[in-house]
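Below is one structure, written out as structure tokens, with a few remarks after it.
Given the structure is predicted, the values throughout are model-derived calculations rather than measurements. Below, read A as the first sequence line, B as the second, and so on, with proteins coming before strands; counting in each chain starts at 1.
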Amino acid sequence: MRRSKWPFLPYKGKWQGSFSERQAMETLRSKVLEEQHHSETNFVSMLVDCFRIYGSNPSFSGYSFMVQHLLHKNFHSYLPPILDHLEKSERIDVPEKFFVNLIHEYGKADMLQEAVNMFLRIPKFRCSPSALSLNSVLNILCRKNDGLALIHDVLLKAPALNIRLEASSFRILIRALCRTGRVGFAIELFNIMQQLHEFIPDSGFYLLILRALCKYSTPDEVMKFLEDMWNGGVLPSTWEYNAVINLLVSKGRLNDAYSILTRMKVEGKRPDIISYTTILNGFILVNNFIEAEEVFDEMLVLGIDLDVVTYNTYISGLCKQREFGRAYRMVLCMEKAGCKPDTESFNTLMDGYTKAGEHVKVKEVMSKMLEKGYQGNSRTNAILIDGLLMEQKPAEACQMLMEMVSKGLIPNSATFNAVVCSLCQKNFLDKGIQVLEEMISHSIAPDDSLWEALLSAINLRREEMAVHLEEMILGGSRDRW
DNA sequence: GTAGGGTTAG
């Protein structure tokens with residue numbers, strides 16, 4: 001519907017009021033725009049004067065406009081006088097939306113205490129706050145770590161403001177607790193919400209907590225909560241089940257992980273490529289190649305389109321079984337099966353050959369990779385360095401590592417540590433220290449074995465020098481002194 | 001309606 005262009009709509013029963021307010025607002029708008037701000041600008045009198053010209057007091061729109069203007073200009077410190085004035089304007093009942101916005105803006109400006117104070121002050125503006133205001137303040141407090149400490153106080157004072165906590169408020173709190181890894185408290189609050197406040201949680205609550213448990217908790221806790229969910233008639237999606245499987249696999253609980261896969265099928269949710277690859281990898285990690293093979297076969301039977309991650313995982317399994325022929329063929333043939341290998345496919349194969357001491361084959365795969373147009377990445381180099389260390393060639397490994405660094409490919413701590421250790425053990429103390437300096441400049445922490453190797457190399461050097469010095473002194477004193 | 005989540009140097 002089109003709104004009338006004319007301002008002659010009844011406003012508080014008087015169109016004159018509306019008209020003069022419009023004029024005052026126009027004046028205020030232009031005044032604010034042309035005003036060159038300096039520290040002594042008095043925004044309250046600017047507001048009051050604009051309205052006084054037309055014989056009235058500032059309307060709510062006037063206050064609101066001024067507040068918006070100050071927020072827009074980031075003049076937060078000029079707000080208090082305006083707000084004080086609004087508080088004393090007894091004929092204006094301030095709508096709650098105004099405070100929700102203000103609290104949000106204080107949050108954006110990191111003025112958390114001001115936001116809390118504003119929230120607690122709402123009734124003084126002839127407004128009854130609801131869960132809307134409470135949620136807005138909880139939202140900003142939950143986002144920042146500094147804010148979490150203020151939540152307790154806000155919750156304690158909420159009843160005095162006549163605000164009833166709603167499910168949405170609990171959701172904000174539980175989400176914050178989950179995000180910061182305090183899942184135990186989240187579950188506690190979740191229980192309080194159901195028992196004391198008699199809320200029936202929707203599936204969103206369960207999923208929020210389940211996801212956090214997968215990230216921060218133990219398999220037992222996750223399985224326990226999963227039981228609760230099932231009993232509560234809430235079924236996780238494939239997404240959540242995959243997170244559960246991932247946790248179980250990472251803790252070596254392969255049987256539990258596999259039972260989740262079975263459960264998914266019972267619930268009619270088809271486990272996807274992520275579910276299967278995670279389990280496939282799990283069986284390979286614990287050297288259970290028979291089960292791994294079965295999982296892989298099941299994927300093929302179900303017609304799941306294998307992707308490069310699945311292939312790479314499977315290839316790593318073949319390498320662990322020293323089935324290098326099959327692994328090599330798979331890297332070369334997977335493209336025909338509809339999946340282009342990536343650098344990691346070659347890396348996996350090279351890593352397998354390296355661990356088996358097949359250094360000639362490593363070079364062969366490397367040239368194959370380059371021939372096919374793939375560039376090595378930092379892991380390729382790390383694998384090659386590993387090979388050189390195994391061949392007892394620490395100086396060459398060191399050179400390769402330094403070349404990597406100069407190209408901006410920063411190896412991880414394991415590679416750095418291994419190179420420094422080998423250098424020290426072979427008595428290349430200076431080179432070792434040079435690499436150590438490089439590590440430290442990239443904030444990579446040396447591990448205990450490195451310090452040990454370094455110290456024994458230093459001791460060895462000291463003994464050599466002591467012997468050398470002794471010989472020098474004994475030899476020289478005879479003639480000169 | 002979609003991506004995301006899964007491998008991978010110890």
Side-chain angles (χ1 to χ4, degrees), chain A residues 207 210-215 222 236-251 254 257-258 260-261 264 269-286 292 295-296 298-299 304-320 327 330-331 334 339-356 362 365-366 369 374 376-390 397 400-401 404 409-422 439 444-450 452-453:
Chain A
L207 300 177
L210 182 64
R211 258 176 258 171
L213 282 173
C214 288
K215 197 164 165 195
V222 168
S237 66
T238 302
W239 176 270
E240 275 82 28
Y241 274 132
N242 285 347
V244 174
I245 290 173
N246 196 26
L247 175 74
L248 292 171
V249 163
S250 74
K251 304 290 178 201
L254 266 297
Y258 198 81
I260 296 289
L261 206 67
M264 287 171 82
K269 294 189 179 71
R270 282 184 62 153
D272 64 8
I273 191 161
I274 308 290
S275 331
Y276 277 108
T277 307
T278 310
I279 297 232
L280 175 67
N281 184 50
F283 281 127
I284 290 168
L285 285 177
V286 298
V295 171
F296 192 67
E298 195 174 319
M299 292 178 81
I304 292 174
D305 278 335
L306 305 186
D307 67 11
V308 70
V309 177
T310 314
Y311 274 109
N312 291 350
T313 304
Y314 188 71
I315 290 164
S316 75
L318 290 175
C319 288
K320 275 185 100 175
M330 188 148 262
V331 173
M334 57 193 271
C339 180
K340 202 171 165 357
D342 62 6
T343 304
E344 288 311 321
S345 316
F346 291 93
N347 283 345
T348 306
L349 188 56
M350 283 166 66
D351 186 50
Y353 276 131
T354 298
K355 289 200 171 102
V362 176
V365 177
M366 180 76 196
M369 184 176 96
Y374 292 90
N377 59 20
S378 73
R379 192 178 164 231
T380 317
N381 287 284
I383 292 164
L384 295 174
I385 289 172
D386 241 10
L388 290 170
L389 293 179
M390 280 179 70
M400 186 163 208
L401 183 136
M404 268 180 86
L409 295 174
I410 309 303
N412 75 1
S413 65
T415 305
F416 266 119
N417 275 302
V419 170
V420 178
C421 278
S422 289
M439 272 178 91
I444 293 167
D447 66 17
D448 290 348
S449 65
L450 184 152
E452 226 168 84

Footprint string (nucleotides 4-10 of chain B, 5' to 3'): B base within contact, S backbone only, - free, heavy atoms under 4.0 Å: BBBBBBB
Tell me, please, which residues at least two apart from A:Glu298 pass salt bridge (charged side-chain N to carboxylate O under 4.0 Å, His left out). A:Lys265
Partners passing side chain to side chain donor-acceptor pair (under 3.5 Å) against A:Thr310 (at least two apart in sequence or in another chain): A:Thr277, A:Asp307
Please enumerate all residues that pass salt bridge (charged side-chain N to carboxylate O under 4.0 Å, His left out) together with A:Lys215, with sequence neighbours excluded. none
With sequence neighbours left out, the residues meeting salt bridge (charged side-chain N to carboxylate O under 4.0 Å, His left out) with A:Lys251 are none
Applying side chain to side chain donor-acceptor pair (under 3.5 Å), can you list everything that pairs with A:Tyr311, at least two apart in sequence or on another chain? none
